[in-house]
*Asks:* 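To start, I am sharing the structure in question, which I have written as structure tokens.
Note on naming: letters A, B, ... go to the chains in the order of the sequence lines (proteins, then strands), and numbering restarts at 1 for each one.
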Amino acid sequence: MTPKTIETRFPHANIESKWQKKWQESNLYKVDDNDPRPKWYELTMYPYPSGDLHVGHWYAMTGADIHARFKTMQGYNVLHPMGFDAFGLNAENAAIERGIHPHSWTMDNIKRMRDQLASMGPMYDWDREVVTCVPEYYKWNQWFFLQFYKKGLAYRDYAPVNWCPSCATVLANEQVIDGTCERCDTTVTHRDMNQWFFRITEYAEELLDQSKMDWPERINTMQTNWIGKSDGVEFKFDISEHNLDTDELITFTTRIDTVYGVTFVVLAPEHPLVSLLTTPDQKAAVGDYINNARKASEVERLAIDREKTGVFLGSYCVNPLTGDRIPILIGDYVLNTYGTGIVMGVPAHDERDFIFAKKYDLPIKVVVAPKDWNGEELDAAYIDVGTQVNSSQFDGFSSTEGKKLIADHIETNKLGTKTINYRMRDWLISRQRYWGTPIPMVYCDDCGIVPVKEEDLPVLLPEDAEFLPTGESPLAVHDKFVNTTCPDCAKPSKRETDTMDTFVDSSWYFLRYASPKYSESAFEEKSAELWNPVDQYTGGVEHAVMHLLYSRFFVKATRDLGLIKYDEPFKRLFNQGTIIYKGAKMSKSRGNVIAPDDYVDIVGADTVRTYLMFIGPWEQGGEWNDSGINGAARWLNKVWDISNLDLNTFALASNPDTERDLNRLLHKTIMRVGEDIEKFKYNTAISTLMQFTNALSEDKIFEKIDIDQWLHLTRSLYVMMAPITPHLSEELWEKSGMKSSVHTQKWPKYDENMAKDDKITLVVQVNGKVRAKISASANLTESDANEIAMEDSGVQKHTEGLEIRKIIYVPGKLLNIVAN
RNA sequence: GCCGAAGUGGCGGAAUGGUAGACGCGGCGGUCUCAAAAACCGUUGAGGUAACACUCGUGCGAGUUCGACUCUCGCCUUCGGCACCA
């Protein structure tokens, strides 16, 4: 479909190619570590090289580029780098489907996208580009892995893991969305496998501390929820009567105040004690139940409205606080992966337990009394605070106090311990795929798991892998890769054939931009120290608990390795919204993708940049609308037209009134546009610039002002437009006789007094309703205001016959007459 | 269910205690043109009027205030996050 838009009156194609070439030749965007100006690190999330730069990329990257350019104009030495998140499954799928090697597929795409990115006219210093799939980069993934391994932050475990059958690989918990794969929406299944993990849970508590970063509240909340801290008690029930290896059934609860109300205990069906605690006559029933639970998909099992089911094991435990014998059951609403995998059932004070008890006819014992409770049966679980009853020596205390006192009592008597549980799991980084960083580990029959020696890094991905649609990792069947010698004893041994999650790559790429070519270590210390942490990070909200959480973990771990000194990677974070088209997020499968290149051909990059930023608040995203782009094109046409006015026709001296009015407007514009850009409110910044342009487009303006003022006004306009429309601004700046680049200009200063109005419209209200608008001097006193208001016939009409009780005057703005 | 954000003309949005609808899109009328496009000028929330006046109007209902899109309380709707986490 060919886009229909109006045409630009300026030769956008010539202007853009001219300046892109000149900027490159003059090294305008080269970033120098030794520049004396204060540093500013403006980072936007690097793209996956899918092959085409779409409108979503333009939206994200234009907004970041504007802010970076603005910071430069404010006097900072700005690093605003770009790179490619180049490992990933798409490349491998292309290899399987079309026989193209992932390496060439990726590199071709990068080449194409680099050109498309350049067409936006951004201020990237391409010498700093980072591409994650080259050995010079992924070597350092492996190096980080070895450091983490030494520190005990990387470990291998046999564990049930999320498996995506379509991607034929395991996934981290963060990559499972509602029981489906984050990439391909396939329902995730479970497998028990030996896998590599990063111990992110070690940092759970520190990750909850958000005081050292200025991030949107909703991202902070999402991370806090994801980490899911809960304070509670591990309480032990006595099973010594069963004569097992252990005498204890350990439960985790956040409601220890209800422990006197326990009437049953439920284990997760997968719990190892289940078979040991099942009596012979219950074996068949329990076996059936476990089989059914296993068959249920993850999605089914997690459905909230699913009926709570369970089965009695036939055996009992003892509540050591009461001596009560309590039946032991299994139920699939208990998760083996959270807490201890065993839950104490308190039906009186937990909704799930209540339903469960009703269903299986288990006793319900009230131990926290609601207000005015007289011992009657409850018709629903009472989960609020109340008064302890049936709780031995704790009767009469509030349940809030009960919680503390009972926990202390339990610890003193060694019946359990206060514990904190987190919902977040360790980060599973193994992937059974080819196109990623090989995990640098070797399995030796004699020495066990042996890390590859640092001096032998990188472990290179073999180029001659075979890509077959079998779902098997090409590395696992690549004999030359698999067979190696043990780094310790030199005997024949096998390499780890899993590769790393690509989120490992993006967890430290911001450190690499400081010294992207440095070959001695992951980053050159002084450069990394100079630029990091990132001052302003921008990107989509979808990475809230993946990339953003992993990066925080990486920085903290790297800090604890003694390599960096700060605690957080990104000081400030801003999430831009999403551009939609025809009511939905653009995607190839929906066929609603807007190709920015088509529009760049017709109206130019500056127009596309302007339009995208004008749609609405950057934070909100919005709907792409073909006719909307005409507004942007018309504005730039108008700017072009005023730049073409014949300077010889301008007046010899400015008309004092016009001069003052335009000067006032200029100062207002500088103030507003600067404030808006700082806060990413690009839509209102552009609207203010449009208003300024409209004022300069006034008919026969050349009769009212002189050349000097005209040049001052228009040059100021070009400077303020420069972050948004870098090419056209540069062209017009040059055309107006300036030699240096508009992009090296300082952001103009404004004078608050110059921006002040001298004439105002006094709004006169009677009982809050506007009855007159009177033009008046800005420094009008209250009595003056009163006087002119009372002279107004409209005001008189509405106050006639009424008694004036009160007059409220807002200086320079409004007068409200209260009368009845 | 819990947490969060949002609801304003035909449309995107502006205004966060003081003129609701800036700026732009679209529409309508006009100028120019053989004609169209582009451009320019005018107009554009609803009702009402010959025109003014006036009345109504920011999801709904209350409240605070001289004055509420804006603050408070209670609902409704939409979107996002979490969700059997003990």
Side-chain angles (χ1 to χ4, degrees), chain A residues 6-7 9 177-178 216-226 228-230 232 251-255 258 266 268 301-308 331-335 337-346 349-353 355-356 421-424 541-542 544-545 578 610-611 614-617 619-620 622-635 637-638 641 681 683-694 697 699 760-773 794 797-798 805-820:
Chain A
I6 61 166
E7 284 172 16
R9 290 196 288 278
I177 313 291
D178 290 332
E217 201 45 51
R218 88 184 140 142
I219 301 287
N220 288 346
T221 307
M222 283 165 76
Q223 294 208 343
T224 304
N225 288 344
W226 186 260
K229 177 178 180 173
S230 46
T251 61
F252 175 75
T253 181
T254 55
R255 289 296 307 274
T258 66
V266 190
R301 212 176 140 178
L302 286 174
I304 178 92
D305 44 5
R306 185 155 179 261
E307 201 184 359
K308 278 149 199 59
D332 67 2
Y333 74 94
V334 178
L335 305 174
T337 47
Y338 184 76
T340 62
I342 310 175
V343 169
M344 59 182 217
V346 188
H349 306 296
D350 182 282
E351 281 174 42
R352 290 153 306 177
D353 295 345
I355 298 165
F356 196 76
N421 250 304
Y422 299 94
R423 201 167 54 223
M424 179 173 67
V541 73
E542 66 275 12
V545 293
T578 312
T610 302
Y611 170 58
F614 188 63
I615 288 176
E619 202 169 3
Q620 259 176 46
E623 172 112 24
W624 175 278
N625 183 333
D626 259 7
S627 64
I629 202 165
N630 288 341
R634 282 196 192 111
W635 174 45
N637 277 340
K638 216 178 235 186
D641 288 346
K681 290 169 75 179
N683 58 328
T684 48
I686 292 168
S687 116
T688 303
L689 288 168
M690 284 175 169
Q691 289 175 64
F692 187 58
T693 308
N694 290 343
S697 309
D699 200 26
I760 54 119
T761 305
L762 180 73
V763 175
V764 184
Q765 299 182 329
V766 178
N767 290 329
K769 292 199 170 171
V770 180
R771 297 302 178 186
K773 294 174 187 179
K797 200 173 108 191
H798 285 94
R805 299 175 56 103
K806 199 171 163 187
I807 293 176
I808 284 137
Y809 180 58
V810 183
K813 266 185 184 165
L814 173 139
L815 190 82
N816 189 10
I817 301 163
V818 186
N820 62 5

*Asks:* Applying the Watson-Crick and G-U wobble criteria at under 3.5 Å, what pairs with rA20(B)? Answer none if nothing qualifies.
*Replies:* none
*Asks:* I'd like a table of atom pairs between the protein and nucleotides 36-42 of chain B - only N or O on both sides, under 3.5 Å - with the distance next to each one.
*Replies:*
from: rA39(B); atom 1: OP1; to: R634(A); atom 2: NE; distance (Å): 3.1

*Asks:* Under the side-chain hydrogen bond (donor to acceptor under 3.5 Å, both in side chains) test, which residues partner T221(A), sequence neighbours left out?
*Replies:* none
*Asks:* Give me the distance, rounded to whole Å, that separates rC11(B) from rG26(B) when you measure between the P atoms they each carry.
*Replies:* 15 Å
*Asks:* Check nucleotides 62-64 of chain B against the protein and report each pair of N or O atoms closer than 3.5 Å, with its distance, or say if there are none.
*Replies:*
none

*Asks:* Counting primed atoms plus P, OP1 and OP2 as sugar-phosphate and everything else as base, spell out the protein contacts along nucleotides 50-56 of chain B at 4.0 Å heavy-atom distance: B, S or - for each nucleotide, 5' to 3'.
*Replies:* ---SSSS
*Asks:* Can you name the residues that form a side-chain contact (heavy atoms from CB on, under 4.5 Å) with K769(A), not counting sequence neighbours?
*Replies:* R771(A)
*Asks:* Is a donor-acceptor contact shorter than 3.5 angstrom present between the side chain of K308(A) and the base of rC84(B)?
*Replies:* yes
*Asks:* Over how many whole Å does the gap from N630(A) atom CG to rC23(B) atom P extend?
*Replies:* 18 Å
*Asks:* With a 4.0 Å cut-off on heavy atoms, is V818(A) in touch with a base, just the backbone sugar-phosphate, or nothing at all?
*Replies:* sugar-phosphate
*Asks:* Could you please name the partner base of rG61(B), counting Watson-Crick and G-U wobble pairs only when both distances are under 3.5 Å?
*Replies:* rC73(B)
*Asks:* Looking at residues at least two apart in the chain, or sitting in another chain, which of them share a side-chain contact (heavy atoms from CB on, under 4.5 Å) with E619(A)?
*Replies:* F574(A)
*Asks:* Taking the same atom, P, in rG12(B) and in rC2(B), what whole-Å distance lies between them?
*Replies:* 31 Å
*Asks:* Under a 3.5 Å cutoff, is there a donor and acceptor pairing between the side chains of K638(A) and N694(A)?
*Replies:* yes
*Asks:* Rounding to the closest angstrom, what is the interatomic distance between rA68(B) and rG17(B) at atom P?
*Replies:* 14 Å
*Asks:* Nearest-nucleotide wise, let me know which of N683(A) and K813(A) is further upstream toward the 5' end of RNA chain B.
*Replies:* N683(A)
*Asks:* Please state how far atom CD1 in I615(A) lies from atom C1' in rA14(B), giving the value in whole angstrom units.
*Replies:* 16 Å
*Asks:* For K797(A), give me all partners under side-chain contact (heavy atoms from CB on, under 4.5 Å), at least two apart in sequence or on another chain.
*Replies:* none
*Asks:* Tell me, please, which residues at least two apart from D641(A) pass side-chain contact (heavy atoms from CB on, under 4.5 Å).
*Replies:* R9(A)
*Asks:* For rG10(B), which nucleotide is its Watson-Crick or G-U wobble mate, given both distances must be under 3.5 Å?
*Replies:* rC25(B)
*Asks:* Over how many whole Å does the gap from N816(A) atom CG to rU19(B) atom C1' extend?
*Replies:* 12 Å
*Asks:* List for me each residue that meets salt bridge (Lys or Arg N to Asp or Glu O under 4.0 Å) alongside R423(A), sequence neighbours excluded, and say none if there are none.
*Replies:* none
*Asks:* Suppose we screen for side-chain hydrogen bond (donor to acceptor under 3.5 Å, both in side chains). Which residues come up paired with Y809(A), at least two apart in sequence or across chains?
*Replies:* none
*Asks:* Enumerate all atom pairs, one protein N or O and one N or O from nucleotides 2-6 of chain B, separated by less than 3.5 Å.
*Replies:*
none

*Asks:* Distance check, P atoms only: rU16(B) and rC66(B), in whole angstrom units.
*Replies:* 23 Å
*Asks:* Mind checking ring-ring contact (aromatic ring centres under 6.0 Å, His included) for Y338(A) and listing every partner two or more places apart, or none if nothing turns up?
*Replies:* none
*Asks:* Could you work out the separation of rU55(B) and rU49(B) based on their P atoms and round it to a whole Å?
*Replies:* 16 Å
*Asks:* Tell me whether the side-chain N/O atoms of K681(A) come closer than 4.0 Å to OP1 or OP2 in rA15(B).
*Replies:* yes
*Asks:* Searching all strands shown, indicate the nucleotide that pairs with rA39(B) (Watson-Crick or G-U wobble; both distances under 3.5 Å).
*Replies:* rU31(B)
*Asks:* Any donor-acceptor pair under 3.5 Å linking the side-chain atoms of W635(A) with those of T610(A)?
*Replies:* no
*Asks:* Is there a Watson-Crick or G-U wobble partner for rC56(B) with both distances under 3.5 Å, and which nucleotide is it?
*Replies:* rG45(B)
*Asks:* For rC82(B), give its Watson-Crick or G-U wobble partner with both distances under 3.5 Å, or none.
*Replies:* rG1(B)
*Asks:* Could you state the CE-C1' distance from M222(A) to rA83(B), rounded to the nearest angstrom?
*Replies:* 14 Å
*Asks:* Given side chains that start at C-beta, do those of I6(A) and N637(A) come closer than 4.5 Å, heavy atoms only?
*Replies:* yes
